[in-house]
Structure formats: C-alpha cells, structure tokens
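The structure appears right after this line, and notes come after that.
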Amino acid sequence: MGMTRGMTHDVLVIGSGAAGLTAALELAEHKKVLVLAKGKLTSGSTAWAQGGIAAVLDAGDTFDNHIRDTMVAGGGLNDRETVEFVIERAPKAIDRLCELGVPFNREEGDLHLTREGGHSHRRIVHVNDATGWAVQAALLKAAEENPNITLLPNQSCVDLVTGRNQKDYSGSGRVWGAYALDEESGKVVTHLARATVLAAGGAGRVYLFSTAPRGATGDGIAMAWRAGARVSNMEMMQFHPTCLYNLEVKNFLITEAVRGEGGRLFNPVTGERYMEKYDAERMELAPRDIVARANDDQIKRYGLDYVNLDISHQPAEFVKEHFPTIHEKLLGLGIDMTKGPIPVVPAQHYTCGGVKVDLDARTDLPGLWAAGECTESGLHGANRLASNSLLECFVFGEAAAKDILSCWDELDDPPEILPWDESRVTDSDEEVVIKQNWTEIRRFMWNYVGIVRTTKRLERAAHRIRLLRDEVEDYYGHFRVTTDLIELRNLLECANLIVTSALKRQESRGLHFTLDYPETDPIARDTVLVP
Ligand code: FAD
Ligand code: SIN
C-alpha cells in the first residue's frame, strides 16, 4: 500500500453552504482553501432558505429583545454567552452580505424587516421568499472569483483523516483532512490539510418527511462522532409547522413569514382557528415547537390529512409581492393562495443538536473546527428561533476562520497518511439493501421519534437501530462505498445519536416532548454524548 504525503491545500472546508463559504472567504484572504461539496455546490439547505436572517436593525428593537426571544424559544437550554456573541454580530454579518451584493428587500432605502414566530419585533431581513438562494448565489460568486479558493463539487466525504490513519499509527484524534469519494470516478481521494472546517449541514433526512434537501443526512455529525468528538442535544429536532401537503411535492416549505404577514391556521373540518386553544396570546406567531405540536394534535385528534393555512384575507397584490416564489409554485399545483387556504402539515426542518463547538468554532478534536447546522454551539438550546440559523452560519464560519488564522503557526503539516484501502471490498451486488434500510430508518424515526414521544416508542426505535447496525456495518465492510451507502451509514449513526439523547432526557423541554415526562426540570442541562 502506498503512502499519501504532503498537502495540497492549507485548509479543507467540508461544505459549500452559508457556513462553509463564509469560512472559506475569510480564510482565503491569507490561505489556500479547498471546499468540498456532496453533489452540486448548491445542494445544501442554504439555497432553500425562505424566510430570511434575523438581526436587530430597527431603532425600536434591541439586542436584549433578540436575546430574550432566542432564549424563550430555546426553553432556557441556550448558552447565554453564545446567544449574545451571535446576536451582537448580526448587523455586521448583514452589512457583509450587502457588500457581497445580496439584494435584500428595501423600503425607501432601508432594509425591509419581516416578522416570524417567536420574534417580539420585526427583524428578519429577506430577499422576497427565497432568501437562501440569493445568499448562496452571492457567496458562491465571491468564492468562484477568489483565486485562493478551489471549489470541488461531487465529493462525498466518507470519514475524517485522524492520527489513527497515520502511517505511524498515533491513535490521536488530531484531524488532518478527510477521505472523499469522487462521485464521478468512484475513487476515494485523500484530502489533507493543516486545518479542517466541518460545515456539512444537518441530519433532517433521517425523518420520512422533512423540508431539508436530499443530502441532509448528518454526514458531518456522524464523521466527527466516529473520529471522537462529543455531540450534544441531538434529541432537539425541529419540526416546521407548515410544510405543503401534496401527494407529489413532498418537502416544499411554506415560510413562517406567511404567518408573520397575517396567515392564520384553521381546522379544515370544523373551520376553527384553533391556535387560540394552544397559545391564546401569540396565536400563529408562537414559537415553532408550539405551533407544530398544535398542528400535529389537530391532525391526530380529527384524523385529518392536513390543516389549512390561510392568508387570502390579505390583498392579492400584497400576497404576490411578499411571496412570489411560493405563489407561483402553488399555482403550478392548482392552489391559489390569494383566493383560498394552503393545505399544510408539520415536517422535520432543522437539527438543533450537533458537534459541540466553543466560541472559536473549535471542536474537541485538534485540527477540526465546525460551523453551521452540523454543530451545537449553544445558540438554539431546545428550539431554534426562526431565522437564527443562517445567522449562526455567518458568525461561526467567520469565528472558525479567524481562530485558524490566529493559531496557524502552531498547526503542523500532516504526517504520512495511509491511503483509502479498497483491497478487501467488491462492488455491491444488492443495492436494494440500501434502499430498504434508508426507508426503514426514516419511517421508524417519523413514527417513533417524532413531535410527541414516549419511552416505549423510543425503545422500539433503539431496538430497530441495533438490528440494522450489524447489517449496515457488514455491508459497509464488504462493498465499495457509494454516496448512498455513505449516507445510509451516517443516517443510522445520527438516528442512534437522536434516540440515545432522547432516552436520556427525562423531562419535556422545547422540541423534546414526551408523554412519560411531561414536566420541565428546574435546571436546564445539555445532553452530551461522549464517544
Ligand atoms: P448547508 O447549507 O446544508 O450545506 C451543507 C454542505 O455540506 C453542502 O454543500 C453539502 O453538499 C455538504 N456536504 C454534506 N455532506 C457532505 C459530505 N459527506 N461530503 C462533502 N460535502 C458534504 N434558516 C434561516 O436562518 N432562515 C431561513 O429562512 C431558513 N429557511 C429554511 C428553509 C428550508 C426549506 C430549510 C431546509 C432550512 C431553512 N433554514 C433557514 C435553515 C438554514 O437554511 C440551514 O440551517 C443553513 O442553511 C445550514 O447551512 P450550513 O452551511 O450549515 O449547511
Ligand atoms: C421559514 O421561512 O419559515 C424558515 C425560517 C427558518 O427556518 O428559520
């Protein structure tokens, strides 16, 4: 077996979404950066974001208000220092995006601020109802124009390279880059670097119904966990209250801003505006966990397929102007939101837990930084406040880059690393195993580890995971890797982390609601899993 020596790049960034590209652009002022993406460079959740980015920009609003709203939504599990760190940096992050050319909506020159659930003030900057696409495009353009950045799509990282992969096995958790499957050639390539930034997004696709894109399979979380990093609060899976109910289009989000601009929820059978029963004060603008549970309760209690979201009482021009993308998409499906209600259901939306990081975006592993949805920074606590996640990507992407640059001289060059070993595997002869297990995981996670949980259901899920584990590891050990297989292995790893964390939390808080422990403990504690 040959050795892989030397390094092609100073820094490896895994992920080309908001977190990865923010880090890359900052690093590229001084270093050469390689950015890897699974599939297209626009394949992450960033490109799908609708509502916008939260920032205190209105004279009547304060950082304290935003901090309080974030902590109320987060059920007190947030880390106050992190919350302050992120929220105080939000206006600067928006300035930077304006410099990069993001065409945020404006009203008489000022940024237009919309409103979303859990926010006491209007503070969401946005580009119509397709903010993520505009942000992704601006970041990508800047990265493409930067000679210090190499963007490499169609690379599925399999695992991080650590001291265990050294020629002279060190057993250390020091990270030196990653092994990545080149999706076109089918070969696994070793990418080495002095510093690695993990920005591989969330694990939403572990659930049958999710607003997240196909590639959100928790690869970053699973890779860091296998390499020895702690992972926290994985039971805090956020469900969005309003995903379109449609038999063909399964994961189209109807932004919370529709409720922010007056949209109301109704039971389609009784016609009741039911939020009054669940949160009479905040109604449709209660935090997401409350509205998602209300929708779930109505659907289960009345045996419904969906509930109705209605904004048709607003003038048609107002609706079309604020929500052009959604309006057009729905018209193509035969729904006119200016004239009648939109059928919606809750669906998984955001992974609040993840790889534990500090304010410098450092993980437990030397050489590995992480930012964005694959992390648990302390910002979101038990439930993320709407539009705080893109913000977290910008703040922590920059923090990672700054910290790497400040400690650059202490970072060694990678040692000799063993290349990927394929000598004992063959091509798979039973792809159906992958498909079957993917579906099985997503189905039992939806049914047993969803919006309302019980210990019995969680134990059933844990049992399924144990059964599948042997099968998937056996498959992984015998067959050449493919993206589907990499994702299946990571989905199962993440399912295990979610269920283990959920079983550990013997209380109900934020997104973790269990009928066996309906009370909230007086003291909020993170669920930290140690490999
Ligand atoms: P992503 O943007 O998901 O990027 C992940 C990157 O990692 C991708 O480039 C992917 O290819 C790469 N990757 C993954 N696995 C591998 C691998 N194995 N090897 C190599 N590369 C890999 N948040 C808000 O703040 N405001 C909103 O309005 C909003 N709306 C949303 C709407 C939808 C429909 C969804 C799904 C999410 C929304 N969110 C919103 C959440 C927000 O979009 C995400 O949390 C955020 O974009 C995550 O950014 P990221 O950089 O961490 O990861
Ligand atoms: C939305 O537009 O409803 C999503 C906002 C978010 O996830 O923060």
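Here the structure is a predicted model, which is why all the values come from computation and not from measurement. What's counted below: heavy atoms across the whole structure, side chains too, no hydrogens, waters or symmetry copies. Read the numbers this way: they start at 1 and go in the same order the structure lists the ligands and their atoms.
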Can you tell which part of [X] has a heavy atom less than 4.0 Å from ligand 1: side chain, backbone, both or neither?
| X | result |
| --- | --- |
| T46 | both |
| E487 | neither |
| H126 | neither |
| Q50 | backbone |
| S156 | backbone |
| L253 | side chain |
| A19 | both |

Distance from [atom] to nearest protein heavy atom, with residue and atom:
| atom | value |
| --- | --- |
| atom 45 (O) of ligand 1 | E373 OE1, 2.6 Å |
| atom 15 (N) of ligand 1 | D219 OD2, 3.4 Å |
| atom 6 (C) of ligand 2 | R288 NH2, 3.0 Å |
| atom 20 (C) of ligand 1 | Q155 O, 3.1 Å |
| atom 2 (O) of ligand 2 | T255 OG1, 2.5 Å |
| atom 1 (P) of ligand 1 | S45 N, 3.5 Å |

Ligand 1 N/O within reach of [X] N/O, cut-off under 3.5 Å:
| X | result |
| --- | --- |
| C157 | yes |
| L390 | yes |
| E116 | no |
| K40 | no |
| H349 | no |
| G51 | yes |
| W48 | no |
| G15 | no |
| S389 | yes |

Distance filter under 4.0 Å to [X] heavy atoms, resulting ligand 2 atoms:
| X | result |
| --- | --- |
| R384 | 6 (C), 7 (O), 8 (O) |
| S387 | 6 (C), 8 (O) |
| E256 | 1 (C), 2 (O), 3 (O) |

When only distance counts, is [X] in polar contact with ligand 2, meaning an N/O pair under 3.5 Å?
| X | result |
| --- | --- |
| H349 | yes |
| G51 | yes |
| N388 | no |
| Q50 | no |

Heavy-atom distance under 4.5 Å between the side chains of [X] and [Y], does that happen here?
| X | Y | value |
| --- | --- | --- |
| V11 | K32 | no |
| H380 | E392 | yes |
| I417 | L192 | yes |
| W438 | L491 | yes |
| M275 | Y278 | yes |
| R123 | E116 | no |
| Y350 | N388 | no |
| N496 | W225 | no |

Side-chain donor or acceptor of [X] paired with backbone N/O of [Y] under 3.5 Å:
| X | Y | answer |
| --- | --- | --- |
| N383 | G510 | no |
| R205 | A212 | yes |
| R89 | V395 | no |
| N295 | P346 | no |

ask   = Does NZ or CZ of R96 lie under 6.0 Å from the centre of the six-membered ring of F394, at an angle within 45° of the ring axis?
value =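 Not satisfied by the 6.0 Å and 45° rule.
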query = Side chain, backbone, both or neither: which part of L253 has a heavy atom under 4.0 Å from ligand 2?
reply = side chain
query = Relative to ligand 2, is Q238 under 4.0 angstrom through side chain, backbone, both or neither, heavy atoms considered?
reply =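 Answer for Q238: neither.
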Options [options], ranked by nearest heavy atom to [atom], top entry:
| atom | options | result |
| --- | --- | --- |
| atom 53 (O) of ligand 1 | G354, G201, A18 | G201 |
| atom 7 (O) of ligand 1 | G202, A47, A54, A200 | A200 |
| atom 4 (O) of ligand 1 | C243, G44, G132, S387 | G44 |

Contact with ligand 1 for [X], non-hydrogen, under 4.0 angstrom:
| X | answer |
| --- | --- |
| G39 | no |
| Q238 | no |
| I14 | yes |
| G215 | no |

Once rounded to the nearest 0.5 Å, what's the spacing between atom [atom1] of [X] and atom [atom2] of [Y]?
| X | Y | atom1 | atom2 | result |
| --- | --- | --- | --- | --- |
| F252 | W48 | CZ | CH2 | 9.0 Å |
| L385 | H66 | CG | NE2 | 5.5 Å |
| I94 | L391 | CD1 | CG | 7.0 Å |
| N78 | I67 | CG | CD1 | 11.0 Å |

ask   = Does A386 have a non-hydrogen atom less than 4.0 Å from ligand 2?
value =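 A386: in contact with ligand 2 (<4.0 Å).
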Evaluate whether atom [atom1] of [X] has more than 12 neighbouring non-hydrogen atoms of other residues, nucleotides or ligands under 6.0 angstrom away.
| X | atom1 | value |
| --- | --- | --- |
| E184 | CD | no |
| F104 | CZ | yes |
| W133 | CH2 | no |

request  = Using side-chain hydrogen bond (donor to acceptor under 3.5 Å, both in side chains) as the criterion, point out the one residue from D129, T255, N128 that pairs with T325.
outcome  =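 Single side-chain hydrogen bond (donor to acceptor under 3.5 Å, both in side chains) partner of T325 among D129, T255, N128: D129.
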ask   = Just which atoms of ligand 1 are under 4.0 Å from any heavy atom in T211?
value = 34 (C), 36 (C)
request  = Could you check V449, I441, L497 and say which one makes a side chain to side chain contact (heavy atoms under 4.5 Å, CB included) with V206?
outcome  =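 Result: among V449, I441, L497, I441 is the only option passing the side chain to side chain contact (heavy atoms under 4.5 Å, CB included) with V206.
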